[in-house]
Amino acid sequence: MTPTSDAAEPDYLATRLTWMQQVELHMRAHNSAPLNARQKRRLRIAQDNDVEPWDAFTQIVGTDHVQF
């Protein structure tokens with residue numbers, strides 16, 4: 001069996017994203033409003049406490065802040 005090549009994968013899929021970049025991806029996917037100062041502070045605390053990015057997004061930003 002021949003292994004498949006990753007050559008077709010875009011570069012951003014092959015790179016490791018930072019914790020905050022993962023949160024920002026969730027925000028873009030949900031078309032979330034920009035973060036306020038309180039949310040930014042709470043996200044930094046969540047990151048320091050090893051909360052997963054998706055969990056931090058749902059707990060702190062939440063999908064109720066979605067803009068259409």
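Here, residue 1 is the first one in the sequence, and each next residue gets the next number.
- Partners of Gln47 according to the side chain to side chain contact (heavy atoms under 4.5 Å, CB included) rule, which considers only residues two or more places apart in sequence or in another chain, are Trp19.
- The aromatic rings of His26 and Phe57 sit tilted, their planes meeting at an angle between 30° and 60°.
- Between the CD atom in Gln39 and the CD1 atom in Ile60 there is a gap of 8.5 Å [rounded to 0.5 Å].
- For Gln59, the side chain to side chain contact (heavy atoms under 4.5 Å, CB included) partners are Asp55, not counting sequence neighbours.
- To the nearest 0.5 Å, the span separating NE2 on His30 from OG1 on Thr58 amounts to 9.0 Å.
- Here the CG-CZ distance, from Asn36 to Arg42, works out to 9.5 Å after rounding to the nearest 0.5 Å.
- For the atom pair CD1 of Ile45 and NZ of Lys40, the computed distance is 14.5 Å after rounding to the nearest 0.5 Å.
- Taking CD from Gln22 and CE from Met27, the interatomic distance works out to 14.0 Å, rounded to the nearest 0.5 Å.
- Atom CD of Gln21 has more than 12 heavy atoms from other residues, nucleotides or ligands within 6.0 Å.
- Here the closest heavy-atom approach between residue Ser32 and residue Val61 is recorded as OG-CG1, 4.1 Å.
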